[in-house]
Amino acid sequence: MQNPDYKKEYLKLLANKFPTAREAAAEIIDLDAIMRLPKGTEHFMSDLHGEYEAFCHIMNNCSGVIREKVEQLYGNSMTESERNEFATFVYYPQAVIAEMKGKGVDLKDWYIVQLHRLIEVCRTVASKYTRSKVRKSLPKDFGYVIDELINMDRADFDKEAYYREIFTSIVALNRAESFIVALTDAIKRLAVDTLHIVGDVFDRGENPDKILDLLVAHHNADVQWGNHDISWMGAHMGNLACICNVLDISLKYGNLDLVEDGYGISLRRLSSYARAAMDDDERFYPAVPSAAETDPDIAKMRKAVFFIMLKAEGQIIARRPEYGMDDRLLLKKIDYSSGTVELDGRKVPLSRCDFATVDPKDPLRFTAEEEEVAEGLRRSFMHSEKLARHVAFLISHGSAYKISNDNLIYHGCIPLNEDGSYLEFSGHKGKALMDYADETVRAAYKAFAKGGEDARALDFVWYLWCGKCSPLFGREKIATFERLYVADARFHKETRNPYYKYYNDKAFCERILHDFGIDGKYSHIVNGHVPVKKKDGESPIKAEGKLVVIDGGFCKAYHAKTGIAGYTLIYNSHGLRLCAHEPFDSIEKAIENRSDIHSEVTVFETRENRLRVSDTDTGRELAEQVEGLKSLLEYYESCAAAGISPAAGK
C-alpha cells in the first residue's frame, strides 16, 4: 500500500464494507481475536497409490487425532474396550448404529449416552477456533443446535436440563441417527483444518477414484502433483502416450475395474484387437494373483498397449528434440534382423524380437488397426465424466508445488546436476522450472477445456511423467522396455537424480528454501515420491530436520520394502510430529473388531511458544487487513475531528 492512489482506492473499498468507525473498530477487534487463537492443524500425506480403504480409515480417525481426544476425555472413566467401541462409533457411526439395531439394543437410552459423549468431543476439537468458524463448519440442518450445545455453560443447571431435553427431543423425532452422523462429520472436519496430499493419488492401487471423491468433498484439501497423477491428467487431455502408460499400469496390476467401471472407459475395441493381433506372452501377465484367471487376455491387451505406447512416446521424442531423449527412441534403436537393441552406446541382445506390428523401415508409424484403437481410447478418456471432475479438481486444488506456513511442499525433486547445481531444461531451472511445469500443465488444460489442444504443452505433460529433467519424476528413465526385453539386469536400473544424494545436507535444503523465498529456523521441505525403508533403519527426517520424506509405503506392494504402511506428518500449534502407520486390513474388520490403525508417533520439532493464527500465512493476511482497517479508522477519526462527514472527505 505504498502507492498513494492504490491506498486511496483500497480505503474506498474498505469504507464501502465498513461505513462507520464503530464497524471498522469492531472488525479490528474480531481479527485480533482470531490471530490470538491456536494455529489450525495441518496433515500431510503422500503416495496413496489408490489404497482407498486405508486412506478412508485415516480420514475417519484423522491420523489418530480422534483417538487422542477420546483418550484425553475418557481415559479414566471408560475401559479400553469401551474406548475402542466409542472411537469406532465416531469413525463409522452408521455401521455401528446398524449393528446395534441388529442386536436389539434399546437405542433410545444408547443414543442419549452417545450424544453426550459426542458433544464433549466436538467441544474439545472446536476449542481452538472462533465460534464463527465453527458455525460455518457445521452442517446446515443441525448447525444451530450443535452450536448451542457445544457453547453452553455446563455449570448452569437450567441449561443442563435444556441440554438433556434437546437429546430426548432428537431421539423422539427419529432424528438421532442423522444428527449423530452430522456431529461426527463436524468432529472430523474440526480435527483437521487442512489436508495436503503430496502427490500420487494414482498408481497400482484399486481405487484412486474413490480417494479423489473424498478429496473433492473435503473442506480444505490440496494436492501437489505426482508423476502418476500427471499421467492420468495427460490421459484425460488426450495425450496418447499418457493413456497407454496408465493402461499399462492398470493392466499390469489387474485394475481393469478402475478403468472400465470406475471411469467408464471402454476397452472393448482394444480387447478385440489384442486377441486377434497379439500372442500369449507370459512377460505381460499381471503382477497380481487375483487376475490369474484372465492372464492370457490381459497379457495380450497389455502387449498391444505397450507397442502403441512405444510408438506414441517415440513420436513425441522425435518432434521435441529439446527433451534430449533420443536414447529412448527404442523402436529406432532395434536391429530387427539381428535381434539387438542399442542401449548406452552398446548393442544388447533382446530376449525376444517379436514386434509384429512394427515396420522396421518406419518403426514409429501406427498400423491402421492401432490408429483405430488409439482414437477410441482417446475419445473414452477425454469424455469420461468422472475423470473430468477429478482432473478439474487436480487443476483447481493442485499444483507442482505449494508453500504453506513456511513449508515447501512437492512430490518429486528439484532436478540437479552431479555437482549439486540446478539441472536446466529449456532455460528453466530450480524454482523457475517448477513454475514452468505448473504453468505449462495449466496451459494444456486451458486449451483442452476450450475444446482445443496446445500440442507443445500437452507433450510436456507426458515429459513430466518420465523426463530426465522432470521435477515430478526424478530419475534418468523408466526401464519398462529393458525389464521386458533385455535379460541383462544391469540395464534395468533406474538411476535417481543427484537430488536424492544432496537432500540429506542441511545447507543444500536451506538453499532450496531460500530460492523459493522461505527462510527461518522453522522452515522445511515436505517431500514424497521415494519410499523410506524404515525397517532398514532409514529415517524420514533428513538434513537435521529441514526435509521430511513422508512416503512410507502406503501402497500394500511397498509394505515389505518399508516395514510400515505410510506416514502422516501433523503440524499443529505445538509443532511437528510424524505418525508411522502400521498396515491396515479392511474397513469391515475395523468395524467388526473395533480395531484401529496403530501408529508410532515421533515428535521431532516442538515450538517454544504455542503457534497462533498470527504465525501463519492466514495470520499475515489478517495482519494486513488490520493495518488497512487502522488506516480507515484514522481517516474516520480525522474527519470527526475536522467536523466533516467521511463521504465529503472522499
Side-chain angles (χ1 to χ4, degrees), residues 17 26-27 30-31 33-34 37-38 40-43 56 58-62 65-66 69 86 89-98 101 107-108 110-154 159-160 162-195 210-222 386 389-390 392-393 396-397 613 618 622:
K17 190 172 182 181
E27 183 68 7
D30 286 346
L31 294 179
I34 291 171
L37 289 169
T41 300
E42 295 175 82
H43 282 197
C56 182
I58 287 174
M59 289 280 281
N60 280 324
N61 78 358
C62 300
V65 172
I66 300 295
K69 302 305 179 187
F86 179 61
F89 174 61
V90 179
Y91 307 155
Y92 305 105
Q94 289 169 301
V96 173
I97 289 170
K101 288 178 178 177
L107 289 179
K108 290 183 180 180
W110 185 80
Y111 278 145
I112 290 174
V113 170
Q114 304 309 321
L115 285 166
H116 274 277
R117 292 171 174 170
L118 289 173
I119 286 295
E120 287 299 311
V121 177
C122 192
R123 179 183 289 112
T124 302
V125 296
S127 61
K128 65 164 62 177
Y129 303 113
T130 64
R131 187 167 181 176
S132 174
K133 178 166 182 173
V134 172
R135 193 180 296 119
K136 290 174 184 175
S137 301
L138 300 178
K140 291 182 179 179
D141 290 352
F142 302 107
Y144 176 79
V145 177
I146 297 173
D147 179 53
E148 285 295 309
L149 290 170
I150 65 176
N151 288 291
M152 65 178 287
D153 181 0
R154 294 293 303 276
K159 284 190 176 180
E160 189 66 34
Y162 172 63
Y163 190 95
R164 292 195 302 271
E165 288 169 5
I166 287 177
F167 289 157
T168 302
S169 178
I170 289 169
V171 173
L173 293 169
N174 294 318
R175 299 291 287 162
E177 183 171 350
S178 55
F179 187 84
I180 285 168
V181 170
L183 193 50
T184 55
D185 284 347
I187 289 168
K188 295 163 193 173
R189 182 180 179 121
L190 292 165
V192 180
D193 194 45
T194 306
L195 176 64
K210 292 182 179 179
I211 292 176
L212 275 160
D213 283 341
L214 291 179
L215 294 177
V216 169
H218 195 275
H219 61 280
N220 190 16
D222 54 66
K386 188 174 184 179
R389 290 196 305 274
H390 289 167
F393 171 80
S396 63
H397 289 70
V613 172
T618 299
L622 295 179

request  = With sequence neighbours left out, write down each residue that passes side chain to side chain donor-acceptor pair (under 3.5 Å) with Lys128, or none if nothing qualifies.
outcome  = Thr41
ask   = Going through the distances and angles, do Tyr144 and Leu138 end up as a side chain to side chain contact (heavy atoms under 4.5 Å, CB included)?
value = CA-CA 8 Å; Tyr144 176 79; Leu138 300 178; over 6 Å; no
Side-chain heavy atoms of Ile146 within contact of Pro139, under 4.5 Å = yes
ask   = Is Leu118 close to Phe89 at the side-chain level, that is, under 4.5 Å between some pair of heavy atoms?
value = yes
Nearest atoms (heavy-atom pairs only) where Ile119 meets Ile150 = O-CG2, 4.0 Å
message = I'd like to check the ring-ring contact (aromatic ring centres under 6.0 Å, His included) partners of Tyr129; sequence neighbours left out, ordered by chain and number.
response = none
key: CD1-OG distance between Ile34 and Ser132, expressed to the nearest 0.5 angstrom   = 7.0 Å
key: Worked check of salt bridge (charged side-chain N to carboxylate O under 4.0 Å, His left out) between Glu148 and Arg131   = CA-CA 10 Å; Glu148 285 295 309; Arg131 187 167 181 176; 3.4 Å; yes
ask   = Which atom pair, heavy atoms only, marks the closest approach of Ile187 to Val125?
value = O-CG2, 4.0 Å
ask   = Does a salt bridge link Arg117 with Glu120, judged by any charged N lying under 4.0 Å from a carboxylate O?
value = no
key: Any His390 side-chain heavy atom under 4.5 Å of Asp213 side chain   = yes
key: Backbone of Glu165 reached by a side-chain donor or acceptor of Ser169 within 3.5 Å   = no
task = Please round to the nearest 0.5 Å and tell me the distance separating atom SG of Cys62 and atom OH of Tyr91.
result = 8.5 Å
request  = Under the ring-ring contact (aromatic ring centres under 6.0 Å, His included) rule, collect the residues that match up with His43, sequence neighbours excluded.
outcome  = none
message = Using the rule given for side chain to side chain contact (heavy atoms under 4.5 Å, CB included), can you reason through Ile97 versus Trp110, listing the C-alpha separation, both sets of side-chain angles and the distance that settles it, and then say yes or no?
response = CA-CA 10 Å; Ile97 289 170; Trp110 185 80; 3.9 Å; yes
query = Is Asn151 reaching over with its side chain to a backbone N or O of Asp147, donor-acceptor style, under 3.5 angstrom?
reply = yes
inquiry  = Has His219 got a side-chain atom pairing as donor or acceptor with Val192's backbone, closer than 3.5 angstrom?
reply    = yes
message = Using a 6.0 Å cut-off, check whether atom NZ of Lys136 has over 12 heavy atoms from anything other than its own residue.
response = no
ask   = At what distance, to the nearest 0.5 angstrom, does CG of Leu115 lie from CD1 of Ile180?
value = 4.5 Å
message = Within the 4.5 Å heavy-atom criterion, are Val90 and Val121 side-chain neighbours or not?
response = no
message = Checking Val216 against Arg389 for the side chain to side chain contact (heavy atoms under 4.5 Å, CB included) test, could you report, in this order, the C-alpha distance in whole Å, the side-chain angles of both residues, the deciding distance, and whether it holds?
response = CA-CA 9 Å; Val216 169; Arg389 290 196 305 274; over 6 Å; no
task = Return the set of residues passing ring-ring contact (aromatic ring centres under 6.0 Å, His included) with Phe142 (not counting sequence neighbours), or none when no residue passes.
result = Phe179
task = Keeping to residues at least two apart or across chains, list the salt bridge (Lys or Arg N to Asp or Glu O under 4.0 Å) pairs with something in residues 185-194.
result = Lys133-Asp193
ask   = Does any non-hydrogen side-chain atom of Phe167 lie less than 4.5 Å from one of Leu149?
value = yes
ask   = Would you say the side chain of Ser178 lies within less than 4.5 Å of the side chain of Asp141, judging by non-hydrogen atoms?
value = no
request  = Report the residues that fulfil ring-ring contact (aromatic ring centres under 6.0 Å, His included) with His397, sequence neighbours left out, ordered by chain and then residue number.
outcome  = Phe393
remark   = Between Asn60 and Ile66, the two heavy atoms sitting closest are O-CG1, 3.9 Å
query = Do the non-hydrogen side-chain atoms of Asp222 and Thr194 ever get within less than 4.5 Å of each other?
reply = yes
request  = List the steps and the verdict of side chain to side chain contact (heavy atoms under 4.5 Å, CB included) for Leu195 and Met59.
outcome  = CA-CA 10 Å; Leu195 176 64; Met59 289 280 281; 3.6 Å; yes
